[in-house]
Amino acid sequence: EPVTASEEEPGVDRDAIEPLSVEALLTTGASFESVASTGQTLKFDVLSEDEQGKTGTVSVSKANVEPTGALVIPATVEHEGFAYDVVSVGARGFFECNALLSVAFEGDKMLVLGESSFDGCRGMSSIVLPEGLESLGRRSFANCGSLISIAIPDSAKTFGDRLFLDASSLSEASLGAGYRSVSAGDFTGCDRLSRIVVGGEIASIDPIGFDYVPTESVDVFVSSDQARSLWLEASQTAGVKFAHDRVKIVGETRTVTFET
């Protein structure tokens, strides 16, 4: 059956990937608010503290007043004498922040995007994911109807399913080397998808990974003959049709002879 945005099925674990420890993301119960450099007030939940060094880690999410416009999430934030690294976006951290237009991250401290972290941000047309990001929770960008393109960094190796479910404006996806399988609903409803760049090798594609996507007109760029063979094999096994001549090796050239 087709996947819909209202389904609440459990996440899909990726093969050969160690999930981030849940304990590492448990908050201490302490939280505070601070203003980002772009002017929005954000909420920070304390994950850990080092009393001696006056350092710690926090997750970030929307405060009572939802952020609007262009948001830059800080790499560090100071509060009551402590310097905290901002290492995660909380689960449903920016859920349905419809007036959020774009998101960027300072530095490379961010490690985790929690489940549904930007789910339903219908006005967000761009987000630049930081190098060093390790984990994207399920439905991270579901229902982001204005998102045009996405680039997943090579550092990311843990993923939930339904990542871009019903991101109906998504036209280009660049998948880092750590993204090795297309899970259920990852691109379901992305009916404007036209270009995929594969940084590594895709070992499997779920049969409903591309539901409602015109896959036969999607250009797929891979890095090697082996990556091309794996993509075509995985898509055939899943019953998902990609045109063979549209699955191309990056930098590949073809000789065309014209009759005179």
Side-chain angles (χ1 to χ4, degrees), residues 11 17-121 123-124 126-142 144 150-160 163 176 178:
I17 293 175
E18 284 293 328
L20 191 75
S21 167
V22 174
E23 288 78 12
L25 294 182
L26 292 178
T27 69
T28 65
S31 64
F32 59 90
E33 293 185 354
S34 184
V35 178
S37 62
T38 41
Q40 302 91 340
T41 298
L42 303 175
K43 178 186 176 185
F44 297 90
D45 291 301
V46 178
L47 304 175
S48 67
E49 288 182 338
D50 177 2
E51 285 286 347
Q52 184 174 0
K54 295 296 182 182
T55 59
T57 59
V58 292
S59 67
V60 62
S61 60
K62 61 186 177 183
N64 289 331
V65 177
E66 294 185 355
T68 63
L71 170 65
V72 176
I73 294 176
T76 60
V77 62
E78 295 185 359
H79 179 70
E80 295 185 348
F82 278 79
Y84 297 96
D85 289 343
V86 183
V87 298
S88 71
V89 174
R92 297 168 65 93
F94 295 94
F95 182 73
E96 292 188 348
C97 289
N98 291 318
L100 196 59
L101 301 180
S102 66
V103 176
F105 297 81
E106 291 180 349
D108 57 1
K109 304 292 187 181
M110 182 62 60
L111 301 176
V112 176
L113 301 186
E115 179 174 330
S116 293
S117 49
F118 295 95
D119 191 343
C121 292
M124 184 178 70
S126 70
I127 182 167
V128 180
L129 300 181
E131 294 297 330
L133 185 67
E134 296 177 356
S135 176
L136 283 73
R138 72 187 303 263
R139 301 176 62 95
S140 289
F141 305 104
C144 290
I150 192 74
I152 298 176
D154 290 339
S155 55
K157 293 180 172 59
T158 304
F159 305 89
L163 285 178

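Starting from 1, each residue takes its place in the sequence as its number. Any value given below was found using the heavy atoms of this structure, including those in side chains, with hydrogens, waters and symmetry copies removed.
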Heavy-atom closest contact (Thr38 atom, Ala70 atom, distance): CB-O, 3.5 Å

Atom of Pro74, atom of Glu106 and distance for their closest heavy-atom approach: CA-OE1, 3.3 Å

Residues in ring pair (Phe, Tyr, Trp, His ring centres under 6.0 Å) contact with Phe82, at least two apart in sequence or another chain: Tyr84

Pairwise distance CD1(Ile127) to CD1(Ile150) - rounded to 0.5 angstrom: 6.0 Å

Atom CD of Glu78: over 12 foreign heavy atoms under 6.0 Å: no

Exercise: do Ser102 and Ser126 side chains pair donor with acceptor under 3.5 Å: no

Residue pair Val86 / Lys109, side-chain heavy-atom distance below 4.5 Å: no

From Ser34 atom OG to Leu42 atom CG, the distance as rounded to the nearest 0.5 Å: 7.5 Å

Check: Phe95 main-chain N/O paired with Glu66 side-chain donor or acceptor under 3.5 Å: no

NZ on Lys62 to CG on Leu100, rounded to 0.5 Å: 10.5 Å

Heavy-atom pair of closest approach, residues Pro153 and Pro130: CG-O, 3.4 Å

Gap between atom CG of Leu113 and atom OG of Ser135 - 0.5 Å precision: 7.5 Å

Heavy-atom pair with the smallest gap, counting every atom of Leu136 and Leu129: CD2-CD1, 4.3 Å

Shortest non-hydrogen contact between Asn64 and Glu33, atoms and distance: N-OE2, 4.2 Å

Those residues that, when tested against Phe94, pass ring pair (Phe, Tyr, Trp, His ring centres under 6.0 Å) (two or more places apart): Phe118

Separation of Cys97 SG from Leu71 CG (nearest 0.5 Å): 9.0 Å

Min side-chain heavy-atom separation Thr158-Glu134 under 4.5 Å: no

Non-hydrogen side-chain atoms of Leu133 and Phe105 separated by less than 4.5 Å: no

All side chain to side chain donor-acceptor pair (under 3.5 Å) counterparts of Ser117, not counting sequence neighbours: none

Worked verdict on Val89 versus Met110 for side chain to side chain contact (heavy atoms under 4.5 Å, CB included): CA-CA 8 Å; Val89 174; Met110 182 62 60; 4.0 Å; yes

Donor-acceptor under 3.5 Å (Thr55 side chain, Ala83 main chain): no

Leu111 side, atom CG; Ser59 side, atom OG - distance, nearest 0.5 Å: 12.0 Å

For Gly120 against Asn98, the heavy-atom pair lying closest together: O-OD1, 2.7 Å

